[in-house]
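Here the structure is laid out as structure tokens; the discussion comes afterwards.
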Amino acid sequence: MKKFFLSLLSVATMFAMTSCSQDLNLPSGEEALVTITANLGEIGSRATEISDGKKVNEVAWAVYLKGTPTPLPNLVGTLPITDKAGELTLRLTTGRSYDIALFAYHTETPCTAQVLGEAKPQYYQVDWNNKKICLQYPSGQIANDTDDRDCFCFVRKALDVNGQISETFTLKRPLAQLNFGSSKEDYEAAVNAGVVVTHSSIVAKTYTQYDLFEQKCLDTEMSEFEFKMNAVPNQMLSVAVDKNNPEALTDFHYLGTVYLLVNNNQLQDGVKLTVYETKNNVQKAVNTVEFGNVPFEPNWRTNIIGNVLTDAASFNIIVDDKFANHHNLDQDGNELK
């Protein structure tokens, strides 16, 4: 799970060039300088290049008077993330309470300085007036195995600006990550049978709208997406398969990954993985495996691992929260000992 840590410091303008160590209590109605320093937190030990959060390069932000439906004029903008850090400066009125919303994502053209205006993520639409984000996937073109769709969000409600403030914000994924991994024995058996998997595609369901303030998806039904064929990741998928020893990791051959907007305790049928081999520069499907009763949680990883290439009945589903807690399930959804 990726974290952002943000510290807020509020001081009166007339004290801005002097020491800020004292606890200031400013008269109501004066303007206060609020500085938000954003630092990307550390990734857990199971992290690989995929899902390490490094593709996130911009943060959209909006400031509301507490409990109001729309953001304040000229208090909506974007902020670059560079070397895992960024700084936002605002001038807010003392004696008031504010809601502050943050949404971090990847874009091909990130801003280079703090700017006002609407955010333009590559794969999302930010709707501050309705306090939500929406998927913005190009029809028929989205592929699996890319961190470009990774994102994080946080809302701080009722921030009272009266004097010096220091707070830590932790941004979390509204997404679940779905991973597929082939065991060493499974992968070698496929190779010995003359099949070297080079590409994969994934079918899974996702919601398309997420309420940032209520932290829940808004769609009445999930939408099924086919995440198109893409090269398999050039790295291993490390998973803790023994819940009694979460620090012991087992490596699996990474076959593909996708991010999905989900609600809590989400079960999903019809999850499909198709794997391909390449002959004469042409990809040919060699196997499709379908999985049912697959559990998902926001900000969790669901890892489907085992003999997914040679024996569709021999695999585990491991739901991993911050690389610590996990549930091992068989294909019928029963807890493994």
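Positions are given from 1 along the sequence.
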Quick check: does any side chain N or O of Asp99 sit under 3.5 Å from a backbone N or O of Gly67, one acting as donor and the other as acceptor? yes
Heavy atoms, side chains only, cut-off 4.5 Å: are Asn287 and Thr274 in contact? no
Would you name the heavy atoms of Ala62 and Pro71 that are closest together and state the gap between them? CB-CB, 4.2 Å
Ring centroid separation Tyr137 to Phe225 under 6.0 Å: yes
Using a strict cut-off of less than 4.0 Å between a Lys/Arg side-chain nitrogen and an Asp/Glu carboxylate oxygen, indicate whether Glu226 and Lys228 qualify as a salt bridge. yes
Hey, could you give me the CE/NZ distance between Met236 and Lys184, rounded to the nearest 0.5 Å? 9.0 Å
For side-chain contact (heavy atoms from CB on, under 4.5 Å), just list the numbers for Leu175 and Cys151, CA-CA rounded to whole Å, side-chain angles, deciding distance to a tenth of an Å, and then say yes or no. CA-CA 8 Å; Leu175 308 163; Cys151 68; 3.7 Å; yes
Residues Ala60 and Ala119: closest non-hydrogen pair is CB-CB, 3.5 Å
Could you please spell out the steps behind the side-chain hydrogen bond (donor to acceptor under 3.5 Å, both in side chains) verdict for Gln283 and Thr278? CA-CA 4 Å; Gln283 284 73 48; Thr278 300; 3.2 Å; yes
State, with a plain yes or no, whether a side-chain heavy atom of Thr89 is found less than 4.5 Å away from one of Gln114. yes
Distance-only polar pair, side chains of Asn162 and Thr94, donor-acceptor under 3.5 Å: no
Nearest-0.5 Å distance, OG1 of residue Thr198 to CE of residue Met229: 8.0 Å
Exam field: side chain Tyr64 to backbone Trp128, donor-acceptor pair closer than 3.5 Å: yes
Does NZ belonging to Lys205 count more than 12 external heavy atoms closer than 6.0 Å? no
Does Tyr207 reach the side chain of Thr220, with side-chain heavy atoms less than 4.5 Å apart? no
For the CG atom of Asp242 and the OG1 atom of Thr250, what is their distance to the nearest 0.5 Å? 8.5 Å
Check whether any side-chain heavy atom of Ile305 sits under 4.5 Å from a side-chain heavy atom of Val241, and report yes or no. yes
Start with the C-alpha gap between Leu237 and Asn303, add the side-chain angles, then the distance that decides, and say whether side-chain contact (heavy atoms from CB on, under 4.5 Å) holds. CA-CA 9 Å; Leu237 173 64; Asn303 302 308; 4.1 Å; yes
Within a radius of less than 6.0 Å around CG of Asn74, do more than 12 heavy atoms belonging to other residues, nucleotides or ligands occur? no
Can you tell me if Asn299 uses its side chain to pair, donor with acceptor, with the backbone of Arg173 under 3.5 Å? yes
Are Trp300 and Leu267 co-members of a hydrophobic cluster defined by side-chain heavy atoms under 4.5 Å apart? no
Interatomic spacing from NZ in Lys132 to CG in Leu212 - rounded to 0.5 Å: 10.5 Å
Which pair of non-hydrogen atoms, one from Pro174 and one from Pro298, has the smallest distance, and what is that distance? O-CB, 3.8 Å
Looking at every heavy atom in both Asp127 and Asn130, which two are closest together, and how far apart are they? OD2-ND2, 2.8 Å
Under 4.5 Å between side-chain heavy atoms, counting indirect links through other Ile/Leu/Val/Met/Phe/Trp/Tyr residues: same cluster for Val282 and Val232 or not? no
Could you check whether any side-chain N or O of Asp211 sits under 3.5 Å from a backbone N or O of Phe213, counting only pairs where one atom can act as donor and the other as acceptor? yes
Which distance, rounded to the nearest 0.5 Å, do you find between the CG of Asn264 and the NZ of Lys216? 11.5 Å
Any Phe296 side-chain heavy atom under 4.5 Å of Leu178 side chain: yes
Would you say the side chains of Asn179 and Gln177 form a donor-acceptor pair under 3.5 Å? yes
Over all atoms of both residues, closest heavy-atom pair of Val289 and Val308: CG2-O, 3.3 Å
Kindly say whether the aromatic ring centers of Tyr105 and Phe103 come within a distance under 6.0 Å. yes
So do the side chains of Tyr276 and Lys284 get within less than 4.5 Å of each other, counting heavy atoms only? no
Given side chains that start at C-beta, do those of Leu92 and Leu75 come closer than 4.5 Å, heavy atoms only? yes
Counting N and O atoms only, with roles assigned by atom type, does the side chain of His106 sit under 3.5 Å from a partner on the main chain of Lys55, one being a donor and the other an acceptor? yes
Quick one: do Val191 and Val197 end up in the same hydrophobic cluster if we chain Ile, Leu, Val, Met, Phe, Trp and Tyr together by side-chain heavy atoms under 4.5 Å apart? yes
Return yes if some donor-acceptor pair links the side-chain N/O of Tyr98 with the main-chain N/O of Thr93 below 3.5 Å, else return no. yes
Would a 4.5 Å heavy-atom cut-off, applied to side chains only, mark Gln122 and Arg149 as touching? no
Evaluate the criterion side-chain hydrogen bond (donor to acceptor under 3.5 Å, both in side chains) for residue pair Asn129 and Thr70; output intermediate values, then yes/no. CA-CA 5 Å; Asn129 288 331; Thr70 57; 5.1 Å; no
Starting from the C-alpha separation in whole Å, work towards a yes-or-no answer on side-chain hydrogen bond (donor to acceptor under 3.5 Å, both in side chains) for Asn57 and Thr107. CA-CA 7 Å; Asn57 54 15; Thr107 177; 5.6 Å; no
What's the verdict on side-chain contact (heavy atoms from CB on, under 4.5 Å) for Tyr123 and Asp148, showing C-alpha distance, side-chain angles and the deciding distance? CA-CA 8 Å; Tyr123 291 110; Asp148 291 354; 3.4 Å; yes
When you measure from the side chain of Asp147 to the backbone of Asp150, do you find a donor-acceptor pair of N or O atoms at a distance under 3.5 Å? no
Strictly distance-based, threshold 3.5 Å: is any side-chain N or O of Asp219 a donor or acceptor partner for the main-chain N or O of Thr208? yes
Quick check: are there more than 12 heavy atoms from other residues, nucleotides or ligands sitting under 6.0 Å from CZ of Arg156? yes
Backbone N/O of Pro295 and side chain of Thr302: donor-acceptor pair under 3.5 Å: yes
Between Leu218 and Tyr210, does the side-chain contact (heavy atoms from CB on, under 4.5 Å) criterion hold? Intermediate values first, please. CA-CA 6 Å; Leu218 296 172; Tyr210 183 79; over 6 Å; no
For residues Asp251 and Ser238, report the shortest heavy-atom separation together with the two atoms involved. OD1-OG, 2.6 Å
Examine Val275 and Val203 and state if one hydrophobic cluster contains both, with Ile, Leu, Val, Met, Phe, Trp and Tyr joined whenever side-chain heavy atoms are less than 4.5 Å apart. no
In one Ile/Leu/Val/Met/Phe/Trp/Tyr side-chain cluster, 4.5 Å: Phe154, Ile100: yes
Cut-off 3.5 Å, side chains only: do Thr310 and Asp186 have a donor facing an acceptor? yes
I need the Lys66 NZ to Ser97 OG distance, nearest 0.5 Å. 4.5 Å
For Tyr187, is there any backbone N or O sitting under 3.5 Å from a side-chain donor or acceptor partner on Ser182? yes
Tell me if the aromatic rings of Phe180 and Phe291 count as close, with their centers under 6.0 Å from one another. yes
